[in-house]
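Worth knowing before you read on, the calculation uses all heavy atoms, side chains too, and leaves out hydrogens, waters and symmetry mates. Numbered from 1 within each chain, the chains take letters A, B, ... in sequence-line order.
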Amino acid sequence: MIGAILTQQASWKNVEKAINNLRKGGYLSSFSIYKMPVEQLKQIIKPVGFYNMKAKRLKEFTNYFIEKYNGNISYMKRFETEKLREELLALNGIGKETADSILLYALDKETFVVDAYTIRMLNRLGISDSKDYEEIKKLFESSLKKYKFDGYSTVDIFKEMHALIVELGKQYCKKTPYCTDCPLSEICEKKGV
DNA sequence: TTCCTGCCGT
DNA sequence: ACGGCGGGAA
């Protein structure tokens with residue numbers, strides 16, 4: 001959940017640095033962040049960039065998580081996905097992608113995460129030129145839920161699919177596309193871009 | 001210089 | 001729709 005907020009428009013490498021800084025000081029828990037002065041938090045998470053905003057966002061999130069759910073993930077998991085999603089979206093600094101990331105990866109909720117990579121991939125593949133978050137989210141959810149893989153839940157499949165799209169976006173379907181050896185080149189309209 | 005799993009305020 | 005936020009790595 002902390003990582004989901006820190007990684008907004010930032011590389012995961014830098015998020016790891018920030019998380020290691022937290023761990024070093026023994027601060028890698030919602031309650032520690034909840035108690036910590038915001039100025040100290042800013043210095044600790046500096047490597048992620050946008051640290052003034054993100055320190056505030058972490059405080060806002062931990063306030064919510066501690067006060068409403070006692071900082072207890074198991075307890076928070078018991079509530080309905082839609083209710084939790086609306087609560088998260090109401091927090092300052094948590095938009096759709098971050099909310100869905102927390103729901104899917106931290107709370108194991110059946111909700112698909114859409115990001116810039118996903119939209120770009122669909123556009124390049126020629127599957128959809130939409131930029132509407134909810135529309136693309138539903139496209140993946142309805143499509144993926146039709147499939148059953150032995151030993152894998154729909155939640156597992158949502159997690160894996162999103163992770164694979166991220167890797168594709170980082171290695172091949174980059175801002176300036178690198179199509180050499182792209183695993184999707186056979187089904188992509190923009191071959192050899 | 002560019003880019004990094006966005007989001008908010010205007 | 002657009003500017004601002006930002007240090008770190010390539």
Side-chain angles (χ1 to χ4, degrees), chain A residues 1-25 33 38-65 84-109 111-125 127-137 139-141 144 155-180 182-184 193:
Chain A
M1 296 191 286
I2 293 167
I5 292 169
L6 291 180
T7 200
Q8 291 168 359
Q9 195 61 23
S11 71
W12 187 254
K13 278 284 179 209
N14 289 337
V15 175
E16 284 179 334
K17 292 177 192 299
I19 288 177
N20 279 330
N21 288 345
L22 286 166
R23 186 178 288 125
K24 251 184 286 172
I33 292 173
V38 68
E39 289 305 319
Q40 182 185 359
L41 184 57
K42 287 179 184 178
Q43 299 311 309
I44 291 177
I45 67 168
K46 190 163 275 192
V48 299
F50 302 147
Y51 54 88
N52 288 304
M53 291 174 33
K54 286 178 181 175
K56 272 191 209 166
R57 291 175 180 182
L58 283 180
K59 295 293 274 183
E60 166 130 359
F61 174 76
T62 52
N63 284 347
Y64 158 78
F65 183 56
L84 294 174
R85 191 170 195 261
E86 283 174 23
E87 286 177 1
L88 290 169
L89 289 176
L91 299 178
N92 190 301
I94 297 191
K96 290 175 179 178
E97 182 184 341
T98 307
D100 285 332
S101 296
I102 290 171
L103 290 169
L104 179 63
Y105 289 98
L107 300 176
D108 294 312
K109 293 293 189 179
T111 192
F112 194 78
V113 180
V114 175
D115 59 9
Y117 291 145
T118 312
I119 294 172
R120 189 164 72 209
M121 179 190 75
L122 290 186
N123 181 33
R124 297 233 175 99
L125 289 175
I127 293 174
S128 168
D129 57 353
S130 170
K131 290 177 186 171
D132 184 84
Y133 188 99
E134 300 297 340
E135 185 182 335
I136 295 181
K137 176 183 175 66
L139 174 64
F140 273 91
E141 290 181 349
L144 292 176
V155 168
D156 290 335
I157 291 168
F158 283 7
K159 287 181 182 175
E160 184 69 7
M161 177 62 78
H162 173 68
L164 290 171
I165 291 171
V166 170
E167 273 315 292
L168 184 83
K170 288 164 98 160
Q171 295 187 43
Y172 304 102
C173 211
K174 309 201 268 194
K175 213 160 201 173
T176 57
Y178 180 77
C179 301
T180 308
C182 173
L184 298 186
V193 175

J.: For the side chain of A/Asn20 and the backbone of A/Glu16, is there at least one donor-acceptor N/O pair under 3.5 Å apart?
T.: yes
J.: Taking the six-membered ring of A/Tyr178, is the NZ or CZ of A/Lys174 close enough (under 6.0 Å from the centre) and on axis enough (within 45°)?
T.: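 Judged by the rule (NZ or CZ under 6.0 Å from the ring centre, within 45° of its axis), A/Lys174 counts as positioned above A/Tyr178.
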J.: Judged by each residue's nearest nucleotide on DNA chain B, which is more toward the 5′ side, A/Asp115 or A/Leu89?
T.: A/Asp115
J.: Could you check whether any side-chain heavy atom of A/Leu91 comes within less than 4.5 Å of a side-chain heavy atom of A/Phe61, counting everything from C-beta outward?
T.: yes
J.: Base, sugar-phosphate, or nothing for A/Ile94, non-hydrogen atoms under 4.0 angstrom?
T.: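 If one applies the 4.0 Å heavy-atom cut-off, A/Ile94 turns out to touch the sugar-phosphate alone, with no base involved.
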J.: Could you give the CD-to-C1' distance, from A/Glu167 to B/dC4, as a whole number of Å?
T.: 14 Å
J.: Report the residue (A/Asn92 or A/Lys13) whose heavy-atom-nearest nucleotide on DNA chain B is the more 5′ of the two.
T.: A/Lys13
J.: Using the P atom in both, what is the distance from B/dT5 to C/dA10, to the nearest Å?
T.: 13 Å
J.: Can you find a heavy atom in the side chain of A/Val114 that is under 4.5 Å from one in the side chain of A/Lys96?
T.: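 With C-beta onward as the side chain, the pair stays apart.
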J.: Does A/Ser101 reach a base, just sugar-phosphate, or nothing at all? Heavy atoms under 4.0 Å.
T.: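 The residue A/Ser101 makes no contact with any strand.
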J.: Mind checking A/Leu91 for me? I need base, sugar-phosphate or nothing, with any heavy atom below 4.0 Å counting as a touch.
T.: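 The answer is sugar-phosphate, as A/Leu91 gets under 4.0 Å only of primed atoms, P, OP1 or OP2.
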J.: Kindly give the heavy-atom pair with the smallest separation between A/Val155 and A/Asp108, and that separation in Å.
T.: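 Shortest heavy-atom contact: CG2-O, 3.6 Å.
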J.: P atom, B/dT2 versus C/dG3: distance in rounded Å?
T.: 15 Å
J.: Report the distance from atom CD1 of A/Ile102 to atom P of B/dT5, rounded to the nearest whole Å.
T.: 17 Å
J.: Whole-Å distance between B/dC4 P and A/Leu6 CG?
T.: 18 Å
J.: Which label fits A/Phe140 and A/Phe112: parallel for a plane angle under 30°, tilted from 30 to 60°, or perpendicular past 60°?
T.: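 Judged by the thresholds at 30° and 60°, the geometry between A/Phe140 and A/Phe112 is parallel.
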J.: Over how many whole Å does the gap from A/Glu60 atom CD to B/dC7 atom P extend?
T.: 14 Å
J.: Could you work out the separation of C/dG6 and B/dT1 based on their C1' atoms and round it to a whole Å?
T.: 15 Å
J.: Starting from C1' on B/dT5, measure out to NE2 on A/His162 and report it in whole angstrom.
T.: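 That distance rounds to 5 Å.
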J.: Strictly below 4.0 Å: does A/Ser11 bring a side-chain N or O up to OP1 or OP2 of B/dC3?
T.: no
J.: Thinking salt bridges, do A/Asp132 and A/Lys137 make one under a 4.0 Å N-O criterion?
T.: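 Looking at A/Asp132 and A/Lys137, the cut-off is not met.
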J.: If you compare every side-chain N and O of A/Gln8 against the phosphate oxygens of B/dG6 (OP1, OP2), does one of them come in below 4.0 Å?
T.: no
J.: Just how far, in rounded Å, is C1' of B/dT5 from NZ of A/Lys54?
T.: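 It is 11 Å, rounded to the nearest whole Å.
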J.: More than 12 heavy atoms of other residues, nucleotides or ligands under 6.0 Å from NZ of A/Lys56: is that the case?
T.: no
J.: Just the rounded figure in Å: distance from C1' of B/dT5 to CZ of A/Phe50.
T.: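 After rounding, the gap between these two atoms is 13 Å.
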J.: Going 5' to 3' along DNA chain C, which are the first and last nucleotides with any atom under 4.0 Å from a heavy atom of chain A?
T.: C/dC5 to C/dA9
J.: Using OP1 and OP2 only, check whether a side-chain N or O of A/Asn14 sits under 4.0 Å from B/dC3.
T.: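 For B/dC3, OP1/OP2 do not have a side-chain N/O of A/Asn14 under 4.0 Å.
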J.: Atom CG of A/Leu103 and atom P of B/dT5: how far apart are they, to the nearest Å?
T.: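 It is 21 Å, rounded to the nearest whole Å.
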J.: Checking all strands, does A/Lys17 fall into the base, sugar-phosphate, or nothing category for heavy-atom contacts under 4.0 angstrom?
T.: sugar-phosphate
J.: Indicate, with a heavy-atom threshold strictly under 4.0 Å, whether A/Val48 touches base, sugar-phosphate, or nothing.
T.: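 Base contact - A/Val48 has a heavy atom under 4.0 Å of at least one base atom.
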